[in-house]
Amino acid sequence: GPSASAYICVAMYALIKGLSLRRDVSMTGMINPDGSIGPVGGILEKAEAVAKGGVKVFLIPVGEEEVTTYKLEVKEVGPFVFKELRPVRVNVLKYAAEKLGLKIVPIYDIRQAITYFTGVTFAPPSCVSITLSQAYVSSLRRIGEDLLSLDKRLYRKLSSKLSGYLASELEEEASLLKESEELLGKGKYYVASSVAFSLLTHLKCLELISDVRSKGESAFTDRIKALNATLESLYAKFRTIKPTLRNIGLLVALAERIEDLKRALSQSGEYYARYHEEGYWDDFLSALKELAYAEARAYGTRLWMKYLELEGDKRIPLSVLKRSAESLMSEAQSVMAYALSIFGEESVEEFGEVSSYLDMAKDAYLKGDYLMASATSLRGLAYLIHKFSTLVANEEALEKMANYSRSQALSLCLEAERLGVQPYLPLNYVEYGDYIKSVDDKLFMYKLASMHAKYLVMIAKEVRSN
């Protein structure tokens with residue numbers, strides 16, 4: 001199972017290099033595509049098992065230093081006997097040292113594990129300094145400016161149109177206009193674009209609610225039809241672009257955005273159908289929100305296609321894209337199955353969004369769109385590993401994991417650049433992760449950056465070996 005995959009990875013490395021493994025060291029952990037070690041279940045039980053086998057050092061994933069176990073409490077009240085399982089938090093490091101004579105070492109990266117098992121050391125990551133092309137930076141600036149310009153026009157239009165609680169909600173969005181403008185002035189073009197995009201989603205939602213109130217449901221259905229046509233047009237144009245090492249990073253970004261647009265549009269339709277079946281306004285409101293998001297995503301995608309340089313040189317072989325997609329889809333399915341086996345059927349809802357991404361990846365793969373399948377699998381994997389981490393780790397551990405993920409992402413970005421691939425999107429995701437305040441959200445953005453950077457490295461190495 002996946003909990004042995006990091007150990008197997010170490011063993012494969014040792015076999016290839018002709019190295020022997022220390023017998024007094026053992027480990028558990030899931031190997032992720034970016035080389036990080038993901039969380040697993042049964043840490044306490046595994047520690048007890050390896051200690052009985054004579055192991056002295058046990059490597060575990062960072063964030064699982066404390067686990068929850070259950071203690072049986074029995075109470076007798078008269079003729080009745082009550083039994084209850086009570087959750088108890090256990091510090092695994094302290095428990096293992098005192099009760100088992102076992103040293104437990106939390107690790108995050110496969111290279112740390114290799115060092116413990118073989119003694120081989122790796123140079124610390126270089127100080128990352130990557131300069132993105134001026135053309136790309138200029139394109140990001142223009143995208144941010146166009147988004148902000150549309151936001152301002154729509155805000156002015158709604159200011160003269162809305163009343164009541166809608167007008168109050170509109171006033172609350174004014175701060176985002178200022179925030180996006182300030183970020184553009186500071187040269188934080190991707191973050192500025194993200195803030196402007198978020199604002200556009202909110203403004204379009206207010207516009208939709210107002211239009212439905214005044215014109216009826218046709219205001220919704222007409223825009224759904226128009227957006228479906230836009231989606232088809234964007235996808236058709238996307239499919240004409242030939243993937244090369246020069247543009248692969250941008251194409252993955254476009255693929256991710258088109259698939260996100262498709263997901264939101266489908267979700268809007270599902271909420272609308274449910275509204276007609278059950279009659280709850282909340283379902284219709286959710287349909288409007290998803291449509292507003294989809295419209296904003298479509299506008300942003302058009303800007304990416306308009307401003308970014310998408311032409312390349314030597315085309316990446318289709319076989320390389322196919323193998324990469326298969327690898328990512330297989331990894332995602334494996335981790336998903338493992339997560340459900342650890343957390344049980346009650347966790348199905350927790351991983352529902354991941355499941356939808358995996359379904360979209362399979363659909364794209366069956367249509368021969370391997371780039372789209374890879375982009376969707378990457379996001380699904382990031383969601384999955386992020387969700388897995390947040391379910392097992394406390395706030396302090398999450399902060400540590402976020403810092404590790406950021407370092408991992410930047411190291412992979414540097415490797416991608418050395419292989420001749422510009423890590424556009426991964427660096428943008430790191431920039432956005434640095435900007436947001438929530439540790440939970442930071443971890444997701446850094447993990448997403450790391451996954452995308454690793455994909456670029458994988459593609460570049462495959463192309464070189466062909």
Inspect the contact between Glu181 and Lys186 and indicate whether a charged nitrogen and a carboxylate oxygen are less than 4.0 angstrom apart.
-> no
Which atom pair, heavy atoms only, marks the closest approach of Ala264 to Ala294?
-> CB-CB, 3.9 Å
With rounding to the nearest 0.5 Å, note down the distance linking CG in Leu371 to CG in Leu254.
-> 9.0 Å
Could you please spell out the steps behind the side chain to side chain donor-acceptor pair (under 3.5 Å) verdict for Tyr189 and Asn428?
-> CA-CA 9 Å; Tyr189 302 132; Asn428 290 152; over 6 Å; no
Heavy-atom distance under 4.5 Å between the side chains of Glu415 and Lys461, does that happen here?
-> yes
Atom pair CE (Met329) and OG (Ser377), whose distance is rounded to the nearest 0.5 Å = 5.5 Å
Pair Asp222-Ser218, side chain to side chain donor-acceptor pair (under 3.5 Å): steps then yes or no | CA-CA 6 Å; Asp222 288 348; Ser218 62; 4.6 Å; no
State, to 0.1 Å, how close Gly29 and Ile37 come at their nearest heavy-atom pair, and which atoms those are.
-> CA-CG2, 3.7 Å
If you measure from CG on Leu184 to CZ on Arg141, what distance do you get to the nearest 0.5 Å?
-> 9.0 Å
Do Tyr429 and Asp434 pass the side chain to side chain donor-acceptor pair (under 3.5 Å) test, and can you show the C-alpha distance, the side-chain angles, and the key distance before you say yes or no?
-> CA-CA 9 Å; Tyr429 283 153; Asp434 291 345; over 6 Å; no
When you look at CD of Glu396, are more than 12 heavy atoms from neighbouring residues, nucleotides or ligands closer to it than 6.0 Å?
-> no
Glu145 backbone acceptor or donor facing Ser149 side chain under 3.5 Å | no
CG of Leu177 to CD of Glu182, rounded to nearest 0.5 Å, is 11.0 Å
More than 12 heavy atoms of other residues, nucleotides or ligands under 6.0 Å from NZ of Lys237: is that the case?
-> no
Determine the sole option in Lys447, Arg406, Lys454 for which the salt bridge (charged side-chain N to carboxylate O under 4.0 Å, His left out) test with Asp34 is passed.
-> Lys447
State whether Asp359 and Lys362 are salt-bridged, where the test is any N-O pair (Lys NZ or Arg NE/NH1/NH2 against Asp/Glu carboxylate O) under 4.0 Å.
-> yes
Just by modelled atom types, is the Lys400 backbone N or O under 3.5 Å from a matching donor or acceptor in the Asn403 side chain?
-> no
Report yes if the side chains of Leu265 and Glu290 come closer than 4.5 Å at any heavy-atom pair, otherwise no.
-> no
For the pair Ser268 (side chain) and Ala287 (backbone), establish whether a donor and an acceptor sit closer than 3.5 Å, ignoring hydrogens and angles.
-> yes
Can you name the nearest heavy-atom pair linking Glu64 to Val92, along with the distance?
-> O-CG2, 4.0 Å
Quick one: does Arg379's side chain get under 4.5 Å of Phe444's, heavy atoms only?
-> yes
Taking all heavy atoms of Ala292 and all of Thr201, pick out the closest pair and write down the distance.
-> CB-O, 3.5 Å
Is there side-chain contact between Trp304 and Arg257, with at least one heavy-atom pair below 4.5 Å?
-> yes
Has the side chain of Asn32 got a donor or acceptor atom that lies under 3.5 Å from a matching backbone atom of Gly35?
-> no
Could you tell me the separation between the CZ atom of Arg213 and the CG atom of Asp211, rounded to the nearest 0.5 Å?
-> 11.5 Å
Here the gap from Tyr155 atom OH to Leu176 atom CG, rounded to the nearest 0.5 Å, amounts to 10.0 Å
Would you find a donor on one side and an acceptor on the other, under 3.5 Å apart, between the side chain of Ser286 and the backbone of Asp282?
-> yes
Angle class for the Tyr432/Tyr190 ring planes (parallel below 30°, perpendicular above 60°, tilted otherwise)?
-> perpendicular
State, to 0.1 Å, how close Ala453 and Ala416 come at their nearest heavy-atom pair, and which atoms those are.
-> O-CB, 4.5 Å
Chi angles and distances behind the side chain to side chain donor-acceptor pair (under 3.5 Å) call for His276, Asp283 | CA-CA 9 Å; His276 269 276; Asp283 285 329; over 6 Å; no
Answer yes or no: is there a donor N or O on one side and an acceptor on the other, between the side chain of Ser330 and the main chain of Glu326, under 3.5 Å?
-> no
With a 4.5 Å heavy-atom cut-off, do Leu448 and Glu256 have their side chains touching?
-> yes
Please assess Leu162 against Glu207 for the test side-chain contact (heavy atoms from CB on, under 4.5 Å), listing each intermediate value before the final yes or no.
-> CA-CA 9 Å; Leu162 302 183; Glu207 181 186 43; over 6 Å; no
Is the side chain of Ser324 donor-acceptor paired with the backbone N or O of Val320 at a distance under 3.5 Å, no angle test?
-> yes
Verify, without hydrogens or angle tests, whether Ser327 (side chain) and Arg323 (backbone) share a donor-acceptor contact under 3.5 angstrom.
-> no
Could you give me the CA-CA distance, side-chain angles and deciding distance for Leu443 and Ser405, then say whether side-chain contact (heavy atoms from CB on, under 4.5 Å) is met?
-> CA-CA 7 Å; Leu443 174 59; Ser405 293; 3.6 Å; yes
His386 vs Asp440, side-chain contact (heavy atoms from CB on, under 4.5 Å): CA-CA, chis, key distance, verdict | CA-CA 8 Å; His386 165 260; Asp440 194 339; 2.3 Å; yes
Ser5 side chain to Ile31 main-chain N or O, any donor-acceptor pair under 3.5 Å?
-> yes
Test item: Tyr108 and Pro61 side chains (from C-beta on) under 4.5 Å apart, heavy atoms | no
Using 4.0 Å as the upper bound for N to carboxylate O, is an ion pair formed by Asp109 and Arg111?
-> yes
Does anything in residues 198-251 pair up under ring pair (Phe, Tyr, Trp, His ring centres under 6.0 Å), and if so which pairs, sequence neighbours excluded?
-> Phe220-Tyr272, Phe220-Phe284
Kindly indicate whether the side chain of Met305, heavy atoms from C-beta on, has any atom under 4.5 Å from the side chain of Leu234.
-> yes
Check against salt bridge (charged side-chain N to carboxylate O under 4.0 Å, His left out), Lys322 and Glu462 | CA-CA 11 Å; Lys322 183 180 180 182; Glu462 280 257 19; over 6 Å; no
May I ask you to decide whether Lys262 forms a salt bridge with Glu232, counting only side-chain N to carboxylate O separations under 4.0 Å?
-> no
With Arg274 as the cation and Tyr280 as the aromatic partner, state whether NZ or CZ is under 6.0 Å from the six-membered ring centre and within 45° of the axis.
-> no
Does Lys157 reach the side chain of Leu154, with side-chain heavy atoms less than 4.5 Å apart?
-> yes
Would you say Glu173's side chain and Glu171's backbone share a donor-acceptor pair under 3.5 angstrom?
-> no
Closest non-hydrogen atom pair between Ala255 and Met372, with its separation = O-SD, 3.0 Å
Step through the shown structure and confirm whether more than 12 heavy atoms of other residues, nucleotides or ligands are within 6.0 Å of CD on Glu399.
-> no
Dump the intermediate steps for side-chain contact (heavy atoms from CB on, under 4.5 Å) on Ser374 and Tyr455, then the final yes or no.
-> CA-CA 9 Å; Ser374 293; Tyr455 175 73; 3.7 Å; yes
For Asp146, what residues pass the side-chain contact (heavy atoms from CB on, under 4.5 Å) criterion, not counting sequence neighbours?
-> Tyr299, Leu303, Lys306, Tyr307
